[in-house]
Amino acid sequence: MTSTAGERQAIQGCPVIHQDFAPPQAAGCHWAMADELREASPVFFNTFAQGYWVFTRHEAVRDIYKTPELFSSESITPWQPDPIYRFVPTQIDAPDHIKYRRIVNPWFSPRAIEAAEPRMRELCRRLVEDVAPQGECDVVVEFALRFPTEAFLSVIGIDPSDADLFVPWVEDFFRGFGGDSDGLEAMAKALDGIREYWVAAIAERREDAVPREGDLASHLLHARFDDRPLTDAELLDMLTVLVLAGLDTTRATLGYLFRHLATHPEHRRRLVAEPELIPAVVEEALRYYTIVFGDGRKVTRDAEFHGVQLKRGDMVYALVSGANRDPRAYERADEFVLDRRRNQHMGFANGPHRCLGAHLARRELQLAVQEWLRVIPDFSIDGSAELSERGGGAMMTLTSLPLRWEVAS
Amino acid sequence: VRLTVDGASCMGHGRCYAMAPDLLSYDDEGYVTIRDGSIDVPAGQVEAAQDAAGTCPEQAITLTG
């Protein structure tokens with residue numbers, strides 16, 4: 001007879017919680033919760049949904065990422081062990097995963113991003129110069145999603161002005177994680193919109209004899225997986241995943257980074273004086289303001305792991321936001337250290353599923369801070385309303401960040 | 001000092017060649033070019049090599065000697 005995970009945790013003496021991590025909270029509450037869990041115990045059993053293990057500290061989170069043969073990406077949402085959908089390549093395991101990654105890796109490599117930088121900087125500069133004379137804006141709504149969307153489209157060979165379509169789709173899709181029925185309907189429509197866009201883009205490129213230069217969709221149509229072309233379902237899935245994984249995440253990190261700079265004038269002034277620190281600040285934001293609350297994995301076989309007996313089919317939640325602030329792994333872990341050196345953060349995950357867009361995201365974040373501070377070196381949060389953040393069901397993000405600044409006359 | 005990269009651990013984060021641009025470089029996919037190899041670190045590059053090793057999120061870099 002097999003016991004349920006819930007019965008086994010009682011035997012193992014692991015502390016039990018019952019916590020839904022998805023609802024929105026006041027800004028910063030998810031990190032406070034992660035800190036509290038991490039310091040209370042290295043592992044919990046959460047009886048929410050079907051029940052799953054929560055690993056809170058750096059070492060275990062790293063080991064989960066580095067042991068993909070034990071921790072499958074078949075489900076990455078711990079409260080949904082059997083998702084009806086498998087994103088390619090996000091939810092694909094070895095040996096197929098690396099074959100998909102090798103097709104797309106060169107498009108998001110440092111060399112590709114280096115080549116795209118002048119275009120991205122131009123897009124960023126134009127957006128900042130548009131907003132600067134207003135003296136105020138909601139940076140999360142007006143800038144932080146628009147810029148990564150335009151930059152991403154330019155990198156994959158799509159006209160950046162199609163951001164007019166993608167920005168509302170991405171907004172509606174992620175707002176749907178709030179869970180109400182209106183939101184869910186808008187979410188489904190947004191996903192349809194994105195998929196239809198790519199269906200049309202694929203159809204338009206299908207008859208090309210050779211791949212179009214600098215055009216990812218065209219390149220995918222000519223790519224080989226082993227000795228066959230990609231299926232239409234794979235093509236559509238890969239392109240859709242890039243949109244869902246790459247735009248909102250950068251917006252989220254930018255939101256927290258801009259909030260930090262708005263509320264830490266000493267950090268802002270130092271960056272204006274020493275812009276060469278901006279890459280280190282971006283890494284520290286990825287560590288300190290990790291937008292992925294936790295990463296789910298599904299256990300492939302019975303195994304003992306960090307003191308608990310896991311059973312095949314159990315779900316685990318690697319609390320990466322807590323791990324990135326673990327004092328066992330970082331000096332001054334609870335401080336935003338502007339010039340932190342040797343920052344080994346896992347903000348882009350570890351192991352084979354390391355974020356495909358990491359090099360692009362870093363460059364976008366660096367460009368956004370450089371170009372913003374160049375034009376708007378002083379700014380503060382407008383008003384005293386408490387900021388709120390979307391819950392840990394998707395990625396955390398500020399839902400709004402109103403900023404104001406003096407306009408030079 | 002000799003710097004060795006464990007090819008099975010390297011996932012192409014790109015932190016090492018960002019920290020030590022005069023010592024390490026990247027390939028077409030974003031992996032460090034010496035992904036499964038090692039190099040001698042010139043005297044002037046030892047601190048950069050230590051930064052690279054200490055920054056790798058996968059702990060794929062070891063320094064010896």
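Numbers restart at 1 for each chain; the letters A, B, ... are given by sequence-line order, proteins then strands.
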Residue-level contacts of residues 56-65 of chain B with chain A, using a heavy-atom cutoff under 4.5 Å | B/C56, B/P57, B/E58, B/Q59
Structural part of A/I98 lying under 4.5 Å from a heavy atom of chain B = side chain
When heavy-atom pairs shorter than 4.5 Å are enumerated against chain B, which of A/P352, A/G351, A/P279, A/A358 gives the highest number?
-> A/G351
Verify the neighbour count for atom CD of A/E276: are there more than 12 heavy atoms of other residues, nucleotides or ligands below 6.0 Å?
-> yes
What pair of heavy atoms forms the shortest contact from A/R101 to B/E29, and how long is it?
-> O-OE1, 4.5 Å
Can you name the closest pair of heavy atoms from A/S109 and B/G30 and give their distance?
-> CB-N, 4.1 Å
Take A/R341 and B/M19, measure what side chain to side chain contact (heavy atoms under 4.5 Å, CB included) needs, and give me the verdict at the end.
-> CA-CA 9 Å; A/R341 283 179 80 182; B/M19 301 305 290; 5.6 Å; no
For chain B, find which of A/A112, A/P110, A/P106 contributes the most heavy-atom pairs closer than 4.5 angstrom.
-> A/P110
Just wondering, are more than 12 heavy atoms of other shown residues or ligands nearer than 6.0 Å to CZ in A/R102?
-> no
Rounded distance [0.5 Å steps], CZ in A/R340 versus OG1 in B/T55 = 11.5 Å
Side chain, backbone, both or neither: which part of B/A53 has an atom under 4.5 Å from a heavy atom of chain A?
-> backbone
Heavy-atom proximity to chain B below 4.5 Å, by part of A/A349 = backbone
Gap between atom CE of B/M11 and atom OH of A/Y65 - 0.5 Å precision | 13.0 Å
To the nearest 0.5 Å, atom OH of B/Y26 lies from atom NE2 of A/H359 at 10.0 Å
Rounded to the nearest 0.5 Å, the NE2 atom of B/H13 sits from the CD atom of A/Q344 at a distance of 10.5 Å
Smallest heavy-atom separation, B/D27 atom then A/R111 atom, equals C-NH1, 4.0 Å
Residue A/E69 excluded, over 12 heavy atoms near CD under 6.0 Å = yes
